[in-house]
There are 2 protein chains.
Amino acid sequence: MAKTSTEQNGAKTLSDQAYLKLRSDIIHGVLQPDEKLRIEHLRTEYGVGASPLREALSRLAADGFVTAEGQRGFRVAPMSEEDLEDITRLRILLEKQALCQSIEHGGDEWESQIVASFYQLEKVEESEERDPAEWEMRNHDFHEALIAGCTSKWLRRFYGILYDQHKRYRNIALSTEIPRDLHQEHEELRNTALARDKKRACDAIEHHILRTAEITQRVLREESLQKKEIA
Amino acid sequence: MAKTSTEQNGAKTLSDQAYLKLRSDIIHGVLQPDEKLRIEHLRTEYGVGASPLREALSRLAADGFVTAEGQRGFRVAPMSEEDLEDITRLRILLEKQALCQSIEHGGDEWESQIVASFYQLEKVEESEERDPAEWEMRNHDFHEALIAGCTSKWLRRFYGILYDQHKRYRNIALSTEIPRDLHQEHEELRNTALARDKKRACDAIEHHILRTAEITQRVLREESLQKKEIA
DNA sequence: ATTTGCAAAAATATCGATATAAAACTTGCA
DNA sequence: TGCAAGTTTTATATCGATATTTTTGCAAAT
């Protein structure tokens, strides 16, 4: 039998649905940094009761997507250059580690998933439209494929949070003008990983993440400059 | 004026109180691994309503202290040798990184806090009683002091989770027979950190964490062996 | 003896309402 | 005008009750 209309994605409970929706809206900038998250308002907006909302917000607070101050409600986590730098540095550390473990333990399935996801990503990067949403998905799949051989549950968990935190900065800073010479970097990543060359693969991933962050940071700096001029 | 009797620790809300209490009870083995966490039961046990409880459990799930399956409630996160190994490896990676940053950026305040907390830890380690709870606190303070110069908010966050996860294994495995030749390792840590010798300090922390984990692992293995014999 | 189906029981997830705390807004006074 | 204390307003945190969902128990059939 078909599932209930409200049960779209993999979410079994209203809590999960609210969690995923809020998370997505924060990552995509629908909910602005530092914005107050009033329960009553969200209730009508998302069509769920206060309890599942508060549970979702509690989880998001643990993930660092919202801040929660006792008796003073929730807000969307603020964004800053320092935070981006922090996330970037740690993401590099973790993704390097995960990549190394993958290169060590990855088998045939791992290799073919890298080839396949790279191919899909390539198609989007070389296409005319350059749909940002499509690119985000393919980019995510490719990076996931690279570290799919990593067996560490905890590394996976933390990496996932940082990837999405990073994505928030990407999305807010460069919502439209995404792809550039990223393609070469992705190619280098694929090649070094398949060659099982840990050293060069790590260098490649570090370079890749740093470049992305730099561009994001520049846009971020320009934006904050504009805000000061207005004020 | 004195605070309300229910407002003991730093917890402002019932949610926070429940969170801290549950977290502590899980870490200290009061709540056993894989144990079912029935809301109705916890309500009477902890004296709070269902909402704050569910919020606390949601947060703990995000931290990996409990598992939450949709429509099937919460359980205490299970424990396993693989999980311990996983936590250990990642904790080493993160604590090394945090230590390096501390050695780079730490100032006078950082140095003196290391000396002070080491002294306090030394006192407990060399005393006759060897109170495990006291040791845990002092050990925590010392490790915190070592990485106090680390400016990365995210590194701090993840490290904190892993430290407590590790602590859970320590507590359950060796609730009574704690200190041994750890003292030498702590001394080496203090000396290399104050000498600003990143390389040796990192080696020392790796060795230290690995040794602790090994002992825990041995006890864990013996326990699971006993269980199999009984069954 | 094992399985299948149904009914009863238990537990979860959720909503609506209330108590409580923080913020905003006066009003009185120097 | 500036400030401070009290008052209203707003929003949060919490509880009690309800509606689903899952599990359990039991009987009938293979």
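Side chains are part of it too, since the values below use all heavy atoms of this structure and drop only hydrogens, waters and symmetry mates. Reminder, nothing fancy here: chain letters follow the sequence lines and each chain counts from 1.
Counting only residues at least two apart or on different chains, the side chain to side chain donor-acceptor pair (under 3.5 Å) pairs with a member in residues 58-67 of chain A are A:Asp16-A:Arg59, A:Tyr19-A:Asp63.
The nearest whole Å value for the distance from the NE2 atom in A:His41 to the P atom in D:dT10 is 16 Å.
Note on ring orientation: taking the six-membered ring where Trp is involved, the planes of B:His208 and B:His143 are parallel (angle under 30°, cut-offs 30° and 60°).
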Run the side-chain donor-acceptor check on residues 106-115 of chain B: report pairs under 3.5 Å with partners two or more places apart or on a different chain.
from	atom 1	to	atom 2	distance (Å)
B:Trp110	NE1	B:Ala145	O	3.1
B:Trp110	NE1	B:Leu146	O	2.9
B:Glu111	OE2	B:Arg196	NH2	2.6
B:Ser112	OG	B:Asp108	O	3.1
B:Ser112	OG	B:Glu109	O	3.1

Could you write nucleotides 12-22 of chain C as a row of B, S and -, 5' to 3', where a protein heavy atom under 4.0 Å of any base atom gives B, of only sugar-phosphate atoms gives S, and otherwise -? SSBBS----SS
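Counting only distance, with no hydrogens or angles, the side chain of B:Gln165 and the backbone of B:Gly64 share a donor-acceptor pair below 3.5 Å.
At least one side-chain heavy atom of A:Ile39 sits under 4.5 Å from a side-chain heavy atom of A:Leu57.
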